[in-house]
Amino acid sequence: MQHINHFINGEFVSAVDGKSFEKRSPVDRRLIAQVSEGGKVDVDRAVHAARAALNGEWGAFTMEQRVEILYGVADEITRRFDDFVEAEMADTGQPKSIMTHAFIPRGAANFKIFADVIKNVPNESFQTTTPDGLGALNYAIRVPKGVVGVVSPWNAPFLLMTWKVGPALACGNTVVVKPSEETPLTTTLLGEVMNKVGVPKGVFNVVHGFGPDSAGEYLTHHPKVDAITFTGETTTGAAIMKAASEGMRDVSFELGGKNAGIVFADSDFDKAVDGIYKSSFLNSGQVCLGTERVYVERPIFDKFVEALKKKVEKVRHGRPDDENCNFGPMISHEHQAKVLSYYAKAVEEGATVVTGGGVPSIPEELKEGAWVEPTIWTGLAEDATVMKEEIFGPCCHIAPFDDEQQVINWANDTEYGLSTTVWTRDLSRAHRVAAKINVGITWINSWFLRDLRTAFGGSKQSGIGREGGVHSLEFYTETRNVCVKL
Ligand SMILES: NC(=O)c1ccc[n+]([C@@H]2O[C@H](COP(=O)([O-])OP(=O)(O)OC[C@H]3O[C@@H](n4cnc5c(N)ncnc54)[C@H](O)[C@@H]3O)[C@@H](O)[C@H]2O)c1
Ligand SMILES: O=C/C=C/C=C(\O)C(=O)O
């Protein structure tokens, strides 16, 4: 069992009042770590360290120096790849292959890409005519926002935290991160990386704890935090937005989703089945971009349901480092209970359970884990609770459709607007449908294929703002215009 401390001003420190909480494995409930719990004083210390770093050595760094050191961070993450993989597996219990293929390499890439972006993106300038004919030159300079509060979730903890920390540091800010209480390990490990490569103390700080009445609330209410970037549930976003209104701090929010997958009869059938399988069940369905509502054109509906069922019934629950297993647990027992309550609700509302619907049979040594069965339903009405609310579990409902406009209306009939996948070989239709769906990201014949230069974010209640490429610079810098009369 390890002790996980805050990382403040370049040092690993316990909470000033000595408080801590338990981090238990979602796989078997084993105690993994005793984690320091941040109070007001810890958050205040971290924010002050971040402020001092801005006014100190880090603030004096040139852009080239920042770029170089962020490349160093990425390289050191890669050098310690196995440690990050182990830590993230311990935190989430998800299979090793997701860590090695996606989540940890993305963490390193999140530092490299924004080092490249800051180096290569020009600032705007305008030549302005004036009555005297001599004109004026307007040009923009970008300055860091200041101290950025980063509040991150548990589902892809390292990827989602670095997705914010990378651009924030590239732009010259300093950060205080409050990782999810469920996943404290990789964010803490990043502190070691920062020290190893010589990131000045106070640039990257971590305070552990919970949301309300804890480190999350204290950080987001702290008057010396200049901007807040948050990924998590929409309801939490609303609470943080209220906090940010004190002192008019800027926010960037990546929130929940209730994403549709649309499969046309002319799609490449096997690729569509495989794509929907991944988008609904990867990471045990705990992906904000995942698909919980699948619509399949009627001529291939029965065949599709059968093929997806067959695939889902092959999953093997087990430990993340067991090569014979490919399916992890829910992050916590609390989340397991939430997902199972939706499983019950679906039946209550008249769903046909195609497969799953409960807790899998599991070896004795894993009995204490937060396991649920991957589940497919059919037969629900569009207004059923399970069709409206984000479940964030390994489940999807499949409905047949007959008409393009009908399926677009269904896909859009949600308060969320994060992502969609469309499966078809008809290019005109693909573009037409993509333009009509109110989401931040539509994938055609793919899912979760990410180019980090593109705009990323949600419409409606799935988010505020866009991050990625130049869009991240918009949030993590303040643009100042200088007008020079010639
Ligand atoms: N749009 C995206 O890019 C994206 C990506 C990943 C996850 N998500 C969403 O995240 C959710 C799952 O993550 P989660 O359960 O960790 O979300 P969550 O909102 O419960 O928690 C996220 C973080 O906020 C903190 N927090 C909670 N209440 C707070 C408060 N009042 N003030 C300050 N901080 C507070 C938590 O401690 C945690 O660090 C899902 O809804 C999912 O869709 C969205
Ligand atoms: O679970 C959500 C995953 C979100 C992914 C990203 O934010 C990303 O790829 O940048």
Side-chain angles (χ1 to χ4, degrees), residues 1-8 10 12 21-27 30-38 46 70 72-112 114 150-169 175-197 199 203-210 215-216 229-232 254 283-284 286-288 320-321 328-329 331-332:
M1 206 258 305
Q2 15 173 358
H3 286 272
I4 292 292
N5 280 331
H6 307 314
F7 182 69
I8 300 176
F12 290 96
F21 62 95
E22 289 181 345
K23 161 65 194 169
R24 286 185 176 270
S25 165
V27 173
R30 178 177 48 93
L31 186 61
I32 293 178
Q34 199 64 37
V35 186
S36 294
E37 184 181 342
L70 293 183
V73 171
D75 290 344
E76 182 63 11
I77 292 169
T78 307
R79 202 184 64 77
R80 294 197 59 185
F81 194 78
D82 293 346
D83 296 340
F84 277 98
V85 168
E86 287 296 325
E88 188 106 319
M89 280 197 304
D91 260 345
T92 68
Q94 291 300 321
K96 189 171 189 173
S97 58
I98 310 179
M99 310 302 156
T100 55
H101 287 92
F103 293 170
I104 304 305
R106 249 303 290 286
N110 283 338
F111 287 96
K112 280 206 168 131
F114 292 107
V150 177
V151 182
S152 51
W154 48 258
N155 59 311
F158 191 57
L159 183 163
L160 291 166
M161 178 269 300
T162 50
W163 174 240
K164 297 169 177 308
V165 172
L169 299 192
V175 296
V176 179
V177 184
K178 209 302 280 172
S180 169
E181 55 275 25
E182 306 287 358
T183 52
L185 298 183
T186 40
T187 308
T188 311
L189 204 49
L190 189 59
E192 291 181 20
V193 168
M194 295 289 174
N195 278 351
K196 176 77 193 297
V197 304
V199 172
V203 171
F204 173 77
N205 305 277
V206 182
V207 181
H208 294 287
F210 301 87
T229 176
F230 166 72
T231 297
E254 292 176 0
N283 214 32
S284 299
Q286 302 167 120
V287 181
C288 58
D321 52 359
I331 188 67
S332 63

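The analysis underlying the following values was restricted to heavy atoms, covering all of them including side chains, and did not include hydrogens, waters or symmetry mates. In this chain, numbering begins with 1 at the start of the sequence shown.
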Shortest non-hydrogen contact from [X] toward [Y]:
X    : Y    : answer
P184 : D91  : CD-OD1, 3.2 Å
V27  : G93  : CG2-CA, 3.7 Å
V207 : G38  : CG1-CA, 3.8 Å
G209 : A215 : CA-CB, 4.1 Å
T187 : P179 : OG1-CB, 3.6 Å
A74  : A108 : CB-O, 3.4 Å

* Please state whether the rings of F204 and F7 are parallel, tilted or perpendicular, taking 30° and 60° as the class boundaries. => tilted

Non-hydrogen side-chain atoms of [X] and [Y] separated by less than 4.5 Å:
X    : Y    : result
R79  : V193 : no
D321 : M89  : yes
H208 : T188 : yes
I32  : I4   : no
L190 : M161 : yes

Those residues that, when tested against [X], pass salt bridge (Lys or Arg N to Asp or Glu O under 4.0 Å) (two or more places apart):
X    : value
D83  : R80
E181 : K178
K112 : D75

For the atom pair [atom1] ([X]) and [atom2] ([Y]), what is the distance rounded to the nearest 0.5 Å?
X    : Y    : atom1 : atom2 : answer
I104 : F81  : CD1   : CZ    : 6.5 Å
R24  : R30  : CZ    : CZ    : 10.5 Å
W163 : T229 : CH2   : OG1   : 10.0 Å
L169 : L70  : CG    : CG    : 6.0 Å
Q2   : L185 : CD    : CG    : 5.5 Å
M1   : L31  : CE    : CG    : 5.0 Å

Contacts satisfying side chain to side chain donor-acceptor pair (under 3.5 Å) that involve residues 94-105 (not counting sequence neighbours) are Q94-S284

Item checked: side-chain contact (heavy atoms from CB on, under 4.5 Å) between H6 and N205, intermediate numbers included -> CA-CA 8 Å; H6 307 314; N205 305 277; over 6 Å; no

Working note: I98 + E88, criterion side-chain contact (heavy atoms from CB on, under 4.5 Å); need CA distance, chi angles, decisive distance, verdict. CA-CA 10 Å; I98 310 179; E88 188 106 319; over 6 Å; no

With sequence neighbours left out, the residues meeting side-chain hydrogen bond (donor to acceptor under 3.5 Å, both in side chains) with T162 are N110

Margin query: One pair to check against side-chain contact (heavy atoms from CB on, under 4.5 Å): V203 and M194. What are the steps and the verdict?
Written below: CA-CA 9 Å; V203 171; M194 295 289 174; over 6 Å; no

Could you give the side-chain donor-acceptor pairs of residues 151-160 under 3.5 Å, partners two or more places apart or in another chain?
residue, atom, partner, partner atom, Å
N155, ND2, Q286, O, 3.2

Q. How far apart are the C-alpha atoms of M99 and F84, what are their side-chain angles, what is the distance that settles it, and do they pass the side-chain contact (heavy atoms from CB on, under 4.5 Å) test?
A. CA-CA 9 Å; M99 310 302 156; F84 277 98; over 6 Å; no

